[in-house]
Amino acid sequence: MDWSRYDAALFDLDGVVTPTAEVHMHAWAAMFNDYLAGVPGQPPYTDQDYYDHVDGKPRYDGVRTLLLARGIALPEGAPTDPPEAETVCGLGNRKNNYFGKVLAEEGVAAYPGSMLLLNALQARGMPMAIVSSSRNAPAVLAAAGITDYFGTVMHGGVAAERHLPGKPAPDTFLAAAVELGATAERSVVLEDAISGVQAGAAGGFGLVVGVDRGAGPDALTEAGAEVVVADLAELLPEAEEQA
């Protein structure tokens with residue numbers, strides 16, 4: 001890939017740089033199946049529910065969207081709600097507890113192909129950012145030992161403080177590009193979630209790359225990805241590809 005055409009790379013974290021999307025998937029499944037088991041007439045939560053309603057969205061938006069799809073009405077609550085509370089925020093906090101437990105017990109390492117691309121871009125002096133809906137992004141980066149690769153980390157907590165709408169709105173990506181001193185037209189978005197790809201397409205970025213970790217190439221393309229890869233090593237700068 002010819003990276004000389006671009007001034008910044010904006011990476012989603014979970015499922016793009018690190019395999020923590022799987023941790024999130026397991027945490028969502030544990031939380032929702034625990035909750036739905038007590039709601040009469042509700043079938044179990046599935047991986048398809050994750051891709052259709054939850055993947056890539058801020059935590060409380062994911063809860064809200066899934067409940068709406070299931071026809072379940074719960075009070076919104078507040079971010080300070082305990083995880084036992086049957087509110088949108090309570091369920092979101094319950095999911096976060098599951099995630100934190102798995103991360104602490106198992107740790108995380110970046111995908112090998114992602115590390116190849118990060119190292120190659122860092123060697124070229126390419127400014128890079130993480131743009132993640134997850135408030136856990138700093139902890140994941142620290143656990144994986146890759147914080148120093150990124151000039152800015154635009155995570156869910158920062159977005160909330162700045163009142164930026166989450167994906168599929170493009171605002172968090174646009175804000176990260178500005179922080180790196182780049183324009184959208186000269187920035188690359190790398191995403192595995194449909195909502196994230198939609199955000200990149202809506203923001204008018206120079207290139208939107210879909211990383212297929214399970215959503216499927218057709219779905220990513222339909223959402224707005226111009227290039228779809230299975231691994232970030234496929235995007236190595238041309239000199240590295242030929243080496």
Side-chain angles (χ1 to χ4, degrees), residues 12-109 111 130-144 155-160 165-168 172 191-196 198-199 211-216 219:
D12 180 36
L13 178 59
D14 303 315
V16 173
V17 177
T18 59
T20 36
E22 297 175 13
V23 181
H24 282 288
M25 285 184 73
H26 295 157
W28 279 114
M31 184 279 288
F32 272 127
N33 278 320
D34 177 60
Y35 168 69
L36 292 170
V39 181
Q42 285 292 333
Y45 174 88
T46 67
D47 285 352
Q48 195 60 48
D49 285 321
Y50 175 80
Y51 292 120
D52 289 346
H53 306 301
V54 175
D55 190 18
K57 297 179 181 176
R59 191 190 320 150
Y60 301 138
D61 287 352
V63 175
R64 206 176 293 114
T65 304
L66 187 283
L67 293 179
L68 179 64
R70 293 296 189 102
I72 300 171
L74 285 182
E76 181 71 14
T80 54
D81 283 1
E84 297 79 18
E86 291 203 356
T87 64
V88 168
C89 292
L91 292 183
N93 294 341
R94 192 182 307 178
K95 177 264 172 181
N96 200 50
N97 282 2
Y98 282 109
F99 179 85
K101 184 173 184 293
V102 175
L103 185 65
E105 290 177 351
E106 300 181 6
V108 66
Y111 291 108
I130 288 294
V131 183
S132 172
S133 297
S134 175
R135 295 170 183 254
N136 294 303
V140 171
L141 291 169
H155 61 82
V158 174
K167 306 168 189 178
T172 50
E191 263 285 359
D192 71 314
I194 298 300
S195 60
Q198 290 171 333
V211 185
D212 182 17
R213 306 288 193 192

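Every value quoted in this text rests on a predicted model; they were computed, and no experiment measured them.
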Can you confirm whether Pro75 sits close enough to Val88 that some side-chain heavy atom of one is under 4.5 Å from a side-chain heavy atom of the other?
no

Given the ring of Tyr111, does Arg213 sit roughly above its face, with NZ or CZ under 6.0 Å from the centre of the six-membered ring and within 45° of the axis?
yes

Are the side chains of Ser134 and Leu13 in contact, using a 4.5 Å heavy-atom criterion?
no

Write down the atom of Cys89, the atom of Asp81, and the distance for their closest heavy-atom approach.
CB-OD2, 4.2 Å

Tell me if the aromatic rings of Tyr98 and His26 count as close, with their centers under 6.0 Å from one another.
no

Answer whether the closest heavy-atom distance between the side chains of Ile194 and Gln198 falls below 4.5 Å.
yes

Under the criterion side chain to side chain donor-acceptor pair (under 3.5 Å), I'd like the reasoning laid out for Asn136 against Asn96: C-alpha separation, chi angles, the key distance, then a yes or no.
CA-CA 9 Å; Asn136 294 303; Asn96 200 50; 2.7 Å; yes

I'd like to check Asp34 versus Arg94 (side-chain heavy atoms, cut-off strictly below 4.5 Å). Are they in contact?
yes

Check Val108 against Pro19 and note the closest heavy-atom contact, atom names and distance.
CG2-CD, 4.0 Å

Restricting to ring pair (Phe, Tyr, Trp, His ring centres under 6.0 Å), what partner residues turn up for Phe32, sequence neighbours left out?
Trp28, Tyr45

Contact between Asn93 and Pro82 at the side-chain level, heavy atoms closer than 4.5 Å - yes or no?
no

Do Val17 and Leu141 have side chains that approach each other closer than 4.5 Å (heavy atoms only, starting at C-beta)?
no

Among Arg59, Arg64, Lys57, the one residue meeting side-chain hydrogen bond (donor to acceptor under 3.5 Å, both in side chains) with Asp61
Arg64

Is any side-chain heavy atom of Met25 closer than 4.5 Å to a side-chain heavy atom of Tyr51?
yes

